[in-house]
Amino acid sequence: MITMREAEELYEEIKPRDKTNYTYTELVNFIGICLFMYLGARPGEIRAIKWSNVSFITKRIKIDGQITMDGQYVSGTKADNLGEEIGRVLIIPTKLLRLLIKFQAKQKEFLENPIWVLQHQTTRMPIPDKQLRNFLWRSYANIGLAEIEDIGNHVKVISSKFKHEPFKTFRHFASTALLDNQAATPVLSDNVIRTQVGHQDIKTTRTIYAKHSDLHSSTPRDQEIIEALDKALDFDKITTS
């Protein structure tokens, strides 16, 4: 699993170097990895997030679809159960919320009426899985977490601590970070954590805690949860402006 220190180093590595002169690819890759780091969702779920499923008002993202390896969108997620409402809604940590607000404004400088958060600049579909994987492996290599052979558009992994699966570590990272902070932050109940991460027992989560299926509703408890998420996932020590 990636450690908190390694997550801090990775965050610094993936940020666009020149804030006044960057490409769309640099920007969308950065936001893509940030979504993994803060949400711990599955690769197909991250690439399938639409702007219509993001609410800056209620600070929530609805995860209700996946992008397959061949680039097709399918409704539903791995954790959905037959007969249950499709998807789950995650509460957005503050730093990720700020990044998404800024990114949405910048994205519109490159794309006209984007549908997907991680939309490709020319295809109007989500960016390919390979694009994010190559970017992440190169970033891991730059901070000493992987050894790679970089051949043009292909990255061959020689060795890494992540067993050739660069994204899964963020699910473990998010789960562990939340569980580690649970004792000090009671609002991070088992049900909040299960909903946030999207475990297989999501049906029990919804039954016991609440049905977080309405993107346009919020509760007084939300701010407490957001503050707990911020504390648990505080790998970015530099204040975003």
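For clarity, every value in this text was computed on a predicted model and none was experimentally measured.
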Q.
Out of the candidates Y140, F170, F173, only one should pair with F162 under the ring pair (Phe, Tyr, Trp, His ring centres under 6.0 Å) rule; please name it.
A.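 Of the listed options, the one satisfying the test is Y140.
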
Just to verify, what does [X] make a side chain to side chain donor-acceptor pair (under 3.5 Å) with, not counting sequence neighbours?
{"X": "D18", "value": "T20"}
{"X": "T25", "value": "none"}
{"X": "T94", "value": "D230"}
{"X": "Q119", "value": "none"}

Q) Would E227 and K231 pass as an ion pair if we require N to O under 4.0 Å? A)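 The answer is no: the pair does not qualify as a salt bridge.
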
Q.
Taking R171 first and then E165, would you say they form a salt bridge - that is, a charged N and a carboxylate O separated by under 4.0 Å?
A.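 Looking at E165 together with R171, the answer is no, because their closest N to O distance does not fall below 4.0 Å.
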
**Q.** Parallel, tilted or perpendicular: rings of F36 and F167 (30°, 60°)
**A.**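 Ring orientation of F167 relative to F36: parallel.
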
Is the side chain of [X] donor-acceptor paired with the backbone N or O of [Y] at a distance under 3.5 Å, no angle test?
{"X": "Q66", "Y": "G76", "result": "yes"}
{"X": "E149", "Y": "I158", "result": "no"}
{"X": "R60", "Y": "F56", "result": "no"}

Please list every donor-acceptor pair under 3.5 Å in which a side-chain atom of residues 126-135 meets a protein atom from a residue at least two apart or in another chain.
| from | atom 1 | to | atom 2 | distance (Å) |
| --- | --- | --- | --- | --- |
| D129 | OD1 | R133 | NE | 3.4 |
| D129 | OD2 | R133 | NE | 2.3 |
| K130 | NZ | N153 | O | 3.3 |
| Q131 | NE2 | N29 | OD1 | 2.8 |
| N134 | ND2 | N153 | O | 3.0 |

For [X], give me all partners under side chain to side chain contact (heavy atoms under 4.5 Å, CB included), at least two apart in sequence or on another chain.
{"X": "A228", "answer": "T185, V187, L188"}
{"X": "E112", "answer": "none"}
{"X": "T123", "answer": "H120, M125"}
{"X": "S159", "answer": "E147"}

**Q.** Summary of salt bridge (charged side-chain N to carboxylate O under 4.0 Å, His left out) pairs that have at least one residue in residues 46-59, sequence neighbours excluded
**A.**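 Non-adjacent pairs meeting salt bridge (charged side-chain N to carboxylate O under 4.0 Å, His left out): zero.
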
Q.
Test of understanding: with ring-ring contact (aromatic ring centres under 6.0 Å, His included), list the residues that count as partners of F30, not counting sequence neighbours.
A.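 Checked F30 against ring-ring contact (aromatic ring centres under 6.0 Å, His included); matches are Y11.
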
**Q.** Partners meeting salt bridge (Lys or Arg N to Asp or Glu O under 4.0 Å) with K108 (sequence neighbours left out)
**A.**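 By the salt bridge (Lys or Arg N to Asp or Glu O under 4.0 Å) rule, K108 matches no residue at all.
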
